[in-house]
Amino acid sequence: MSTRVLAKRRLVTLALLRRESIGGLYHVLTFEDPDGSAAQPGQFTMVRGAEWGDAPLLPRPMSYLTAGHAPSILIKVIGEGTLRMGRAEPGEPFTLLGPLGEPWRAPTPGRRVVLVAGGVGVAPLVFLARAIVEAGGPKPIAIYGGRSARDLPLDDDLAELTELHTTTEDGSRGARGRVTDILGDLLGPDREVFTCGPDRMMAKVAELCALRDVPCEVSLETPMACGYGVCLGCPVPTHDGAYLYACTQGPCVDARRVDWSRGDHAPKKGAHLPRSQT
Amino acid sequence: MSTRVLAKRRLVTLALLRRESIGGLYHVLTFEDPDGSAAQPGQFTMVRGAEWGDAPLLPRPMSYLTAGHAPSILIKVIGEGTLRMGRAEPGEPFTLLGPLGEPWRAPTPGRRVVLVAGGVGVAPLVFLARAIVEAGGPKPIAIYGGRSARDLPLDDDLAELTELHTTTEDGSRGARGRVTDILGDLLGPDREVFTCGPDRMMAKVAELCALRDVPCEVSLETPMACGYGVCLGCPVPTHDGAYLYACTQGPCVDARRVDWSRGDHAPKKGAHLPRSQT
Amino acid sequence: MTRLGVEIGGLSLKNPVLTASGCFGYGLEYDDFYDVAELGGICTKGLSLHPRAGNPPERICETPAGMLNAIGLANVGVEAFCRDKLPILRERGVTVVANIFASSIADFVAITERLNRETGVAAVELNVSCPNVSEGGIEFGKDARMCGEVTRAVRSVTKLPVWVKMSPEAGNIVAVARACEEAGADAITAINTIRGMSIDVEQNKLRLANRTGGFSGPALRPIALRIVWEIAGAVSIPVIAIGGVSTTRDALEFLLAGATAVQVGTANFADPSAAKRVVDGLRAHCETRNVTVKSLIGSAR
Amino acid sequence: MTRLGVEIGGLSLKNPVLTASGCFGYGLEYDDFYDVAELGGICTKGLSLHPRAGNPPERICETPAGMLNAIGLANVGVEAFCRDKLPILRERGVTVVANIFASSIADFVAITERLNRETGVAAVELNVSCPNVSEGGIEFGKDARMCGEVTRAVRSVTKLPVWVKMSPEAGNIVAVARACEEAGADAITAINTIRGMSIDVEQNKLRLANRTGGFSGPALRPIALRIVWEIAGAVSIPVIAIGGVSTTRDALEFLLAGATAVQVGTANFADPSAAKRVVDGLRAHCETRNVTVKSLIGSAR
Ligand SMILES: Cc1cc2nc3c(=O)[nH]c(=O)nc-3n(C[C@H](O)[C@H](O)[C@H](O)COP(=O)(O)OP(=O)(O)OC[C@H]3O[C@@H](n4cnc5c(N)ncnc54)[C@H](O)[C@@H]3O)c2cc1C
Ligand SMILES: Cc1cc2nc3c(=O)[nH]c(=O)nc-3n(C[C@H](O)[C@H](O)[C@H](O)COP(=O)(O)OP(=O)(O)OC[C@H]3O[C@@H](n4cnc5c(N)ncnc54)[C@H](O)[C@@H]3O)c2cc1C
Ligand SMILES: Cc1cc2nc3c(=O)[nH]c(=O)nc-3n(C[C@H](O)[C@H](O)[C@H](O)COP(=O)(O)O)c2cc1C
Ligand SMILES: Cc1cc2nc3c(=O)[nH]c(=O)nc-3n(C[C@H](O)[C@H](O)[C@H](O)COP(=O)(O)O)c2cc1C
Ligand code: FES
Ligand code: FES
């Protein structure tokens, strides 16, 4: 599966091939790429409607769900950009800048892969699971959690590719609770974890893995302006008091590098800064 | 036909029923209006895509081509707003604020109407011609000019409703030249003119009418922000050195009120102001 | 206490949403749309001592998520306003803030004295910051001392609440606001437009006859928000926010930053009911959360 | 003479398109896209005497047709730049403008002296106007006298062309530009960002950890254009325009207004080849019309 040689980054204008509305706020967008995308699992692309004009201004970072001649992304509608993506019609042109960032590192031979997914974080993990299975690797275990059954997009893909455990906070599917409630039982010395989802989930997963000395790879999510290393808008605090840049040094990194207690990954604090002004 | 009682202005969100591309840069957009629009010929509407977001910001003034339950407009693609209109698909929602402005005044009984159209200025004149014909009035004469045959959208509507004379600068349709080259022959004491088109054309039409003492009604075109009288962005110079506001005192006005030599209707001068700065 | 009500100096507003000067005419064009008395208030088009015809066309042009205007303060003059417009507004129960401007302190005082003779004016808003006329006061607006003087002069001749509208082009806007507070202003309004320019490159000419125009609309909002935050932290009188408000979300952004009320400007052009929509949206927001507008003010600080 | 070439002080640029500081890294991330040597030049991320880690997240957020950034001048420091980045750029024939900033005149001088020892630096651009760090120089940038002093000090220690980058927040930006011209600047760069703010109303918190951030992108363009017009009318050294340039049309707008060159900033984010597209577009524009870029400069004035 994935090698360390990363494909050349390209900015291409691709027509939307199809948009599948898969329930709730989720859609899968598939593009037509005559040249084919050589993205590896864990890499992402900066996506923008070619006809958006001056606003929304910035492209949106989206993990590849699949690559090749029909690259696809899974989106959750949360703001103006994803709203537009969620109502795009086939034929609509989008610019995609990619593949970007560090992919998932190659699974360690001899260790069984445990995927821990939350919400749209499932996309790069489905891509990874498919790559592992296609390469003939051992079927990964997956834990997939959300608030309710509606918040588990692509659960059927994961069910097909992995030994799947689901959790929902309201108990509407799988075990009631969170992924981290059942993760402990699935960790072991012959396992390794790949996780993508909300920060708080990933921080907790990283903590559990660290306690059990299980390797843990996370995919970081931060706002990004450029996605390719020039704006310095995507810092993630590291333990040495410095930052790593999620777009070029991530998004996939060893969980131990991240200082989950600092910065945006810590509880939101912006509003509670001391009140002195100007 | 049209009476002086103007319909209440409404801001409505209407779905695009169909867009007909009628060659060149021209499209006819027809909307679905369950309540029906009571617009009169010469009135306009401020049109904006309901999903445009923050840019383009302002609605675009467009003359009604038809009213009723399927109000329509003729657009020429010239910038970002009309570009978007020109690629809108059925179902796309638009906001329309209208009907706005002063319609054409009622034709004077006993006078034969001469319509002088240039480019998209044809829309409010087709509407007027249809109203006259439907009211059983005498068939209007029309002169319709453009650079070439491609620049005469809706010429067939006009041909059906009026005794049509066309002019093109390249001679590709009708007489070679401009509308004002043949207008003189069609003026007379029993005639009256309604004109809409580029400023320079209307200024010349107004001049010819004034010389022959033929009543002339023009439809003014200026940039507009609000379209309903509050921004004061649409002044047109009048002979008393003051301004009339095109959106509420126009767009249809007696040509004699306008001072064609001042302001935007005069040759562009903005760039040639004296150089003193700040 | 009502859920939406706020106080600005001595003045109670039924809700914190007003319309911005120059973007709402004299409030009389809205009969077809809604009852303007439902708003917290309206600010009139800027009134001068004598009527003004305004600048030649073009007066407006669009820019990314914003627009430029160089209306040149066309207005009917304070006399015609008092005679023709105010009686109708008063009759309808509209809370009317008279936005006024002049090129001398004497004229500011004269306009105020004319307004003193009327009932139905809720406050005067001093436009010391219009960018579009050479004598329009932006020089007042950029200078703390002069701004304070204008405020003091108007303050001394009227019992009406006095609001002063800030120019974002002042080098030290906080100092200007403080000077106005000291001079007796009841509230600070922020912000007026910033001067911008646009060139039609095909025709190689400036888009506005006046060359520059005031920049407004959503694009301006982040700058306005920063300035409102700064001023609200520096003065103890209420701050009324303006700049790119078109949705309830936008209004909340300013309220949370410390504004006591907001004014809706450019948004009226695309939607004449914009301000009414914001009132309704704030009401729904507060009802859902069972909070008052007052409790929201400054809560992000 | 080439069709696209321009001169800025003694420096000849092959075309009038540069990339703006902070929006292009150190010019080394573009191998996959195009040859950066095809540009008129690049301005480096702001360099300080010592490396800086920058501000905590969130550092960026989007606004209507614009964005805010509070990077906090994260950079590798002038030493590492000279050691690790400059040799590669020099090797490739890239025209490199070193954007530098400091909180004291002594540090501005020290950075410049370090750069003096290198070949391959085409000019220094003094960032006296970064809004995102308290010691970052915006106070220099708002004050004509101080700005002149910084310029004079740097001028006196280097033979490199000195460009000074204006803060749009100066109350009297023309006076600042003139002071820099008098102090020996070879060019004025305008503009840096204006401070803005954004609040997430759902979470009731500021979007940026630094509270305020610099406002950039298309939304800023009308303000930048007005300022460039004003400065170009007031100084006789070249003006290099920045602010929302993303298309050929935008670049032309500034050239016609009197700028000798433009810098492309935020537009690089959505399209890494944005600056190259503008070069190609200007070439096509000039070839079609058989004109030179020089002949366009200031032609709308
Ligand atoms: C490496 C990476 C991979 C991602 N993969 C996916 C994916 O596969 N599917 C998916 O639905 N989402 C994914 N996201 C999150 C996605 O980028 C945001 O949901 C999206 O940018 C929101 O845009 P908007 O316009 O709808 O929201 P708005 O709130 O309107 O966005 C405003 C601005 O904030 C930024 N922003 C808002 N939320 C986020 C966020 N959570 N992360 C980063 N930037 C944000 C936007 O990019 C934009 O610049 C990924 C993010 C990163 C960094
Ligand atoms: C009363 C009236 C009726 C009109 N009827 C029609 C019609 O039936 N069909 C049609 O195609 N056009 C009509 N126009 C012109 C039409 O409004 C403009 O072509 C349109 O606004 C251009 O928008 P844009 O975004 O494509 O161009 P841009 O150049 O991108 O527009 C930028 C800004 O300039 C304004 N603007 C640009 N050109 C004009 C113009 N000629 N007149 C007014 N504002 C302009 C736009 O509204 C916008 O605010 C009418 C104008 C008026 C005033
Ligand atoms: C067309 C127009 C005319 C304006 N006229 C005035 C005026 O007469 N007096 C004044 O104080 N402000 C005037 N303004 C400024 C607005 O009141 C407001 O401060 C500014 O537009 C920013 O708010 P907005 O972004 O909501 O429009 C005008 C603005 C516009 C767009
Ligand atoms: C993310 C980011 C970082 C920036 N960093 C710097 C910097 O280090 N030094 C500087 O002088 N300007 C910096 N700027 C300002 C830009 O160089 C430019 O002046 C501004 O963004 C306006 O141009 P634009 O609208 O084309 O982006 C930065 C801008 C952005 C968006
Ligand atoms: S997103 Fe620009 S550096 Fe990471
Ligand atoms: S367009 Fe606003 S007053 Fe006419």
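Chain naming here is simple, since letters A, B, ... match the order of the sequence lines and numbering starts at 1 in each. These figures come from a predicted structure and were not determined experimentally.
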The interface call for C:Leu252 against chain D, heavy-atom contacts under 4.5 Å, is both

How long is the span from the CZ atom in C:Arg59 to the CG atom in C:Asn69, to the nearest 0.5 Å?
9.5 Å

Any chance the side chains of D:Asn204 and C:Ser299 put a donor and an acceptor closer than 3.5 Å?
yes

Could you check whether D:Ser236 and D:Glu181, counting side-chain N and O atoms only, form a donor-acceptor pair closer than 3.5 Å?
yes

Would D:Thr193 and D:Ser216 count as a side-chain hydrogen bond (donor to acceptor under 3.5 Å, both in side chains) if you check the C-alpha gap in whole Å, the side-chain angles of each, and the deciding distance to 0.1 Å?
CA-CA 6 Å; D:Thr193 56; D:Ser216 68; over 6 Å; no

Picking from C:Ala170, C:Pro168, C:Gly171, C:Cys61, which has the most non-hydrogen pairs under 4.5 angstrom with chain D?
C:Gly171

What part of D:Thr63 gets within 4.5 angstrom of chain C, counting heavy atoms only: side chain, backbone, both, or neither?
side chain

Per-residue contact mode, C:Arg207 against chain D (heavy atom under 4.5 angstrom):
side chain

